[in-house]
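Data block below; observations after.
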Amino acid sequence: MIKVIPLTDKDEKSFRRLFTEYYTELGCDENITHLLDEYILPDLLAGLIRIELLHGGEDFIGFVIYQIDDVDNEWNFKEGWGDIREIFVSPDSRRQGYGKFLLYTAEMKLRENGAVKSYCLPCAEAAPFFGACGYLKTDAYCDELDCSVYEKTELGNRCKG
């Protein structure tokens, strides 16, 4: 059975494995352990971000990291909007709708917490996925991440395909 659950201490090792796989695939040259220990996990503990894991039967196969932008958060690009920060599904589990399931889950939780709109800053390879899920490319650009800003104004609309 496929299910999405919030990250807990018990599942941190699995999340670290998935996040390492994700950042390695992206080709980022940052120290992944430092990034997790100094930014991602402390932000989770402080309540600034949420992390949901996708459990695919025997093991975790993906995750989504999201937040509602707020002035108290260092990364506050569009105050009050939901921000889909990271989404990942293991390569062996792709093209089965799991990414859409993760995204839909994050959008529902964002909506439950007061966000009515969301955005993402996808790499070029992920842009078609977000487009199929109702995110529209805007004229805005994020120089820091070198990518276009995609927005969705109706959270919860199902992805196509």
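In what follows, every heavy atom counts, from backbone to side chain, and hydrogens, waters and symmetry copies are set aside. Since this is a predicted model, take the numbers as computed values, not measurements.
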Quick test of your reading of the model: are [X] and [Y] salt-bridged, counting only N-O distances below 4.0 Å?
X: Lys10; Y: Glu12; answer: no
X: Asp11; Y: Arg16; answer: no
X: Lys117; Y: Glu154; answer: no
X: Glu25; Y: Arg94; answer: yes
X: Arg50; Y: Asp43; answer: no

Smallest separation among heavy atoms of [X] and [Y], with atom names:
X: His55; Y: Gly57; answer: CE1-O, 2.9 Å
X: Asp59; Y: Ser14; answer: OD1-OG, 4.1 Å
X: Ala115; Y: Gly82; answer: CB-N, 3.8 Å
X: Gly99; Y: Ile87; answer: O-CD1, 3.4 Å

Among the clusters formed by ILVMFWY side chains lying less than 4.5 Å apart, do [X] and [Y] turn up in the same one?
X: Tyr141; Y: Trp81; result: no
X: Tyr119; Y: Leu145; result: yes
X: Ile2; Y: Val4; result: yes
X: Ile65; Y: Ile5; result: yes
X: Phe15; Y: Leu26; result: yes

* So do the side chains of Thr20 and Thr33 get within less than 4.5 Å of each other, counting heavy atoms only? -> no
* To do: For side-chain contact (heavy atoms from CB on, under 4.5 Å), just list the numbers for Phe88 and Leu102, CA-CA rounded to whole Å, side-chain angles, deciding distance to a tenth of an Å, and then say yes or no.
  => CA-CA 9 Å; Phe88 175 76; Leu102 277 170; over 6 Å; no
* Strictly by modelled atom types, are Gln67 and Arg85 linked by a side-chain donor-acceptor pair under 3.5 Å? -> yes
* Whether Tyr23 and Phe19 hold their rings parallel, tilted or perpendicular, with breakpoints at 30° and 60° ->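 Plane angle under 30°, so parallel.
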* What class does the angle between the rings of Phe63 and Tyr22 fall in, given that below 30° is parallel, 30 to 60° is tilted and above 60° is perpendicular? -> perpendicular
* Decide side chain to side chain donor-acceptor pair (under 3.5 Å) for Tyr135 and Ser118; before the verdict, give the C-alpha distance in whole Å, the side-chain angles of both, and the deciding distance to 0.1 Å. => CA-CA 8 Å; Tyr135 286 78; Ser118 66; 2.7 Å; yes
* Go through the steps to decide whether Val64 and Leu54 satisfy the test side-chain contact (heavy atoms from CB on, under 4.5 Å), and finish with yes or no. => CA-CA 8 Å; Val64 62; Leu54 179 65; over 6 Å; no
* **Worked verdict on Ser148 versus Thr138 for side-chain contact (heavy atoms from CB on, under 4.5 Å)** => CA-CA 7 Å; Ser148 296; Thr138 68; over 6 Å; no
Roughly how far, to the nearest 0.5 Å, is the [atom2] atom of [Y] from the [atom1] atom of [X]?
X: Phe129; Y: Cys120; atom1: CZ; atom2: SG; value: 9.0 Å
X: Cys142; Y: Tyr150; atom1: SG; atom2: OH; value: 13.5 Å
X: Thr24; Y: Glu21; atom1: OG1; atom2: CD; value: 8.0 Å
X: Leu121; Y: Glu86; atom1: CG; atom2: CD; value: 9.5 Å
X: Ile40; Y: Leu35; atom1: CD1; atom2: CG; value: 4.5 Å
X: Leu7; Y: Leu18; atom1: CG; atom2: CG; value: 10.0 Å

* Residue pair Lys137, Glu151: steps toward the salt bridge (Lys or Arg N to Asp or Glu O under 4.0 Å) verdict -> CA-CA 7 Å; Lys137 184 178 180 181; Glu151 297 177 353; over 6 Å; no
Test your reading of the model: is there a side-chain donor-acceptor pair from [X] to the backbone of [Y], 3.5 Å cut-off?
X: Ser93; Y: Val89; result: no
X: Ser90; Y: Asp92; result: no
X: Lys152; Y: Cys133; result: yes

* **Those residues that, when tested against Tyr98, pass ring pair (Phe, Tyr, Trp, His ring centres under 6.0 Å) (two or more places apart)** => none
* Derivation of the side chain to side chain donor-acceptor pair (under 3.5 Å) call for Tyr66 and Asp83 -> CA-CA 5 Å; Tyr66 60 98; Asp83 175 5; over 6 Å; no
* Could you pull out all residues at least two apart from Asn113 that satisfy side-chain hydrogen bond (donor to acceptor under 3.5 Å, both in side chains)? => none
